[in-house]
Amino acid sequence: MSTSPSPTTVPEARARIDEINERVVELLAERQAIVDALCELKADADRTVRDPEREAELLAHVRAVADEAGLPPTLAETLFEEILAHSVERQRRQRADGAAGPSAEESSAEEPAEKATGAVSTCGAQAG
């Protein structure tokens with residue numbers, strides 16, 4: 001998978017790890033920006049924040065990709081469960097912040113409350 005030669009010293013290995021960590025963070029930030037856009041698309045379409053079927057497909061795909069890459073599938077799944085939880089919470093906060101109706105607690109409770117705030121168009125308003 002990697003095209004770079006293996007590091008030959010501890011400092012070189014650490015420097016490569018630091019570079020990879022930065023790329024991972026940049027990719028997570030890019031993903032978060034897309035989640036913000038997705039939140040607005042869902043709101044415009046009167047869809048709920050959570051889609052359990054999509055989440056299950058995503059986790060199964062991540063497990064398969066991890067397995068092919070030689071990474072423990074349980075590690076990838078655990079990481080992506082956390083990423084998904086953050087994405088869901090971010091979308092719920094954005095809907096609650098832009099809603100004139102239910103409070104933040106109500107909108108983060110269950111699917112019916114999400115439906116009630118589905119038409120909010122301020123989902124992408126929060127940055128970073």
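Just so you know, these numbers come straight off a predicted model, no measurement behind them.
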Next on the checklist: If you count every heavy atom of other residues, nucleotides or ligands that lies below 6.0 Å from R14 atom CZ, does the total exceed 12?
Outcome noted: no
Item to check | Cluster link V24 to V62, ILVMFWY, side chain under 4.5 Å | outcome: yes
Next on the checklist: Using side-chain contact (heavy atoms from CB on, under 4.5 Å), reason through E82 and H86 one step at a time and then give a plain yes or no.
Outcome noted: CA-CA 6 Å; E82 186 65 28; H86 178 271; 5.5 Å; no
Next on the checklist: Between N21 and V25, is the side-chain contact (heavy atoms from CB on, under 4.5 Å) condition met? List the steps.
Outcome noted: CA-CA 6 Å; N21 290 345; V25 170; 5.6 Å; no
Next on the checklist: Using modelled atom types and a 3.5 Å cut-off, is there a donor and acceptor pairing between side-chain atoms of K42 and backbone atoms of V49?
Outcome noted: yes
Checklist outcome for this item: Separation between CG (L38) and CZ (R90), nearest 0.5 Å, reads 12.0 Å
Item to check | Closest non-hydrogen atom pair between S87 and R31, with its separation | outcome: OG-NH1, 2.9 Å
Checklist entry - Are E55 and V88 side-chain neighbours, meaning at least one heavy-atom pair lies under 4.5 Å? => result yes
Next on the checklist: Going by side-chain contact (heavy atoms from CB on, under 4.5 Å), H61 matches just one of L59, L58, V65. Which one?
Outcome noted: V65
Next on the checklist: Would you say that L79 contacts L75 through its side chain, given a criterion of any heavy-atom pair below 4.5 Å between the two side chains?
Outcome noted: yes
Checklist entry - After noting the C-alpha distance and the side-chain angles of Q94 and D97, does the key distance pass the side-chain contact (heavy atoms from CB on, under 4.5 Å) rule? => result CA-CA 5 Å; Q94 289 170 331; D97 289 348; 5.7 Å; no
Next on the checklist: Applying a strict under-4.5 Å side-chain criterion to I, L, V, M, F, W and Y, I'd like to know whether L84 and L28 cluster together.
Outcome noted: yes
Checklist entry - Out of curiosity, E26 CD to R23 CZ, how far, rounded to the nearest 0.5 Å? => result 9.0 Å
Checklist entry - Of the non-hydrogen atoms in P7 and R16, which two are nearest, and what is the gap between them? => result CD-NH1, 3.4 Å
Item to check | Derivation and outcome, side-chain contact (heavy atoms from CB on, under 4.5 Å), residues D36 and Q91 | outcome: CA-CA 7 Å; D36 289 347; Q91 290 179 68; over 6 Å; no
Item to check | Distance, nearest 0.5 Å, that separates CG of L71 from CZ of R63 | outcome: 11.0 Å
Checklist entry - At what distance, to the nearest 0.5 angstrom, does CZ of R92 lie from SG of C39? => result 11.0 Å
Checklist entry - Looking only at heavy atoms, which two atoms of A66 and P73 are closest? And how far apart? => result CB-CA, 4.0 Å
